[in-house]
Amino acid sequence: MKITSAEFMISAVSKEQYPSDRLPEIALAGRSNVGKSSFINRMIQRKGLAKTSSIPGKTRTINFYKVNDSFYFADVPGYGYARVSKKERDQWGPMMDEYFQSRQPLKAVVLVVDLRHSPTKDDVLMYDFLKYFNLPVIVVGTKVDKINRGKRNKQVSDLIHKLKIEEGDCVIPFSAKTGEGKDKVWSVLKTYLS
């Protein structure tokens with residue numbers, strides 16, 4: 001996809017703050033520090049639009065990025081990071097429930113996981129949570145550039161098996177560093193954005 005424009009629009013904690021223009025949305029979910037911001041930046045070919053941090057748990061709101069004036073990436077808070085206060089984590093639950101349960105423009109979810117490792121219990125819970133709401137899920141396995149080529153298929157198979165990937169969902173190996181998998185992700189996303 002040719003990117004002509006991309007801009008950060010708003011950080012939201014409730015539906016009253018979500019963009020009101022009804023453009024299609026692709027949500028991004030994943031463990032804290034898994035590389036969602038790097039994924040966004042690589043996909044839109046902008047180095048610092050989505051802020052990356054070495055400190056997990058920085059995204060505490062739903063951040064909306066408008067792309068090509070035609071759709072949004074909606075980056076939801078990362079999960080599985082213990083140093084965020086319990087009170088704050090408890091607030092994320094209702095915020096995420098409200099978003100995933102009631103957001104009409106939401107077309108699909110990109111679940112970002114680290115392909116170097118077996119999916120965590122939290123990755124499995126998140127996939128199951130998204131399927132409970134009947135949402136299409138594109139699983140993006142990041143950091144594929146750090147995996148020996150001979151081991152990649154095994155890692156992908158492990159991911160499919162552990163998450164119990166449902167028919168219609170797909171797994172795409174991806175590297176924010178090299179751009180590997182970017183065209184494949186765009187081709188899948190286009191099917192939800194048209």
Side-chain angles (χ1 to χ4, degrees), residues 1-12 18-31 34-52 59 62-79 96 99-115 119 123 126-145 152 155-156 159-160 163 165-194:
M1 178 180 282
K2 188 175 188 326
I3 305 301
T4 55
S5 66
E7 58 186 320
F8 169 75
M9 296 304 287
I10 192 167
S11 289
Y18 299 161
S20 58
D21 51 13
R22 313 291 296 159
L23 291 175
E25 291 171 13
I26 302 293
L28 299 168
R31 200 167 39 81
V34 75
K36 291 183 293 150
S37 297
S38 298
F39 170 82
I40 292 170
N41 291 334
R42 172 53 85 166
M43 292 299 288
I44 61 175
Q45 297 163 311
R46 285 272 200 78
K47 275 206 167 108
L49 184 64
K51 301 290 182 243
T52 59
T59 303
I62 302 173
N63 294 327
F64 290 88
Y65 300 87
K66 189 188 263 188
V67 181
N68 287 356
D69 290 321
S70 62
F71 77 95
Y72 289 97
F73 277 133
D75 185 12
V76 304
Y79 52 81
M96 304 244 297
Y99 178 73
F100 287 119
Q101 202 169 340
S102 63
R103 187 66 173 151
Q104 289 297 317
L106 178 59
K107 301 300 178 193
V109 180
V110 173
L111 178 59
V112 182
V113 298
D114 188 335
L115 196 58
D123 292 327
M126 186 52 139
Y127 183 77
D128 291 346
F129 173 78
L130 297 170
K131 296 321 295 182
Y132 176 80
F133 292 118
N134 295 313
L135 291 164
V137 180
I138 303 113
V139 180
V140 168
T142 61
K143 305 183 177 151
V144 70
D145 55 288
R152 290 180 182 188
Q155 294 300 102
V156 170
L159 187 57
I160 291 168
L163 291 183
I165 299 290
E166 293 185 10
E167 194 174 330
D169 292 344
C170 64
V171 174
I172 303 171
F174 181 87
S175 169
K177 187 176 179 183
T178 67
E180 182 179 341
K182 184 179 88 154
D183 292 342
K184 173 73 173 157
V185 174
W186 274 128
S187 83
V188 173
L189 291 182
K190 279 181 192 172
T191 64
Y192 296 106
L193 296 171
S194 51

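A quick note: this is a predicted structure, and the numbers were derived from the prediction, not measured.
Here CZ of Phe129 is found 7.5 Å from CD of Gln101. Values are rounded to the nearest 0.5 Å. Going from atom OG of Ser37 over to atom CG of Asp75 covers 5.5 Å, rounded to the nearest 0.5 Å. The CG atom of Asp145 lies 7.5 Å from the CD atom of Glu180; values are rounded to the nearest 0.5 Å. In this structure, CD1 in Ile10 is found 8.0 Å from CZ in Phe64, a value given to the nearest 0.5 Å. One distance of note links CG of Leu111 with CZ of Arg31; it measures 10.5 Å at 0.5 Å rounding. Once rounded to the nearest 0.5 Å, the distance linking OG of Ser175 with NZ of Lys182 reads 11.5 Å.
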Evaluation steps, side-chain contact (heavy atoms from CB on, under 4.5 Å), between Tyr99 and Tyr18: CA-CA 9 Å; Tyr99 178 73; Tyr18 299 161; 3.4 Å; yes
side-chain contact (heavy atoms from CB on, under 4.5 Å) evaluation trace for Lys2 with Asn68: CA-CA 9 Å; Lys2 188 175 188 326; Asn68 287 356; 5.8 Å; no
Candidate pair Val112 and Phe174, rule side-chain contact (heavy atoms from CB on, under 4.5 Å), full reasoning: CA-CA 9 Å; Val112 182; Phe174 181 87; over 6 Å; no
Pair Val67-Ile3, side-chain contact (heavy atoms from CB on, under 4.5 Å): steps then yes or no: CA-CA 7 Å; Val67 181; Ile3 305 301; 3.9 Å; yes
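Using a 4.5 Å cut-off on side-chain heavy atoms (C-beta onward), Val156 and Pro173 make contact. In this structure, Met96 and Met126 have side chains that are in contact, with non-hydrogen atoms separated by less than 4.5 Å. Within the 4.5 Å cutoff, the side chain of Asp169 has no heavy atoms near those of the Glu167 side chain. At a threshold of 4.5 Å between non-hydrogen side-chain atoms, the residues Glu166 and Tyr127 count as touching. Under the 4.5 Å side-chain criterion, counting only non-hydrogen atoms from C-beta, Asn63 is not in contact with Phe73.
Thr191 and Ser194 make their closest contact through O-OG, 3.7 Å (heavy atoms, listed as atom of the first residue, atom of the second, distance). Of all the heavy atoms in Gly30 and Lys36, the pair that sits closest is N-CD, 3.7 Å. Residue Leu163 comes nearest to Pro119 through the heavy atom pair CD2-CB, 4.0 Å, listed as atom of the first residue, atom of the second, then distance. Of all non-hydrogen atoms in Gly168 and Tyr192, the two that sit nearest each other are O-OH, 4.1 Å. In terms of heavy-atom proximity, Ile26 sits nearest to Lys107 at CD1-CB, 4.4 Å. For Pro24 against Ser70, the heavy-atom pair with the smallest separation is CD-O, 3.3 Å.
Using cut-offs of 30° and 60° on the angle between ring planes, the pair Trp186 and Phe71 is perpendicular.
A distance-only check finds a donor-acceptor pair linking the side chain of Gln155 to the backbone of Leu115 [under 3.5 Å]. No donor-acceptor pair under 3.5 Å is formed between the side chain of Asp69 and the backbone N or O of Ala6. Using modelled atom types, no side-chain atom of Arg22 and backbone atom of Pro105 make a donor-acceptor pair closer than 3.5 Å.
Using a cutoff of 4.0 Å between basic side-chain nitrogens and carboxylate oxygens, Arg103 and Glu25 are scored as salt-bridged.
Around NZ of Lys184, the count of heavy atoms belonging to other residues, nucleotides or ligands within 6.0 Å does not exceed 12.
Aromatic ring centroids of Tyr65 and Tyr72 lie 6.0 Å or more apart.
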For residues 134-143, which side-chain donor-acceptor pairs fall under 3.5 Å, sequence neighbours excluded?
| from | atom 1 | to | atom 2 | distance (Å) |
| --- | --- | --- | --- | --- |
| Thr142 | OG1 | Val34 | O | 3.4 |
| Thr142 | OG1 | Val113 | O | 3.2 |

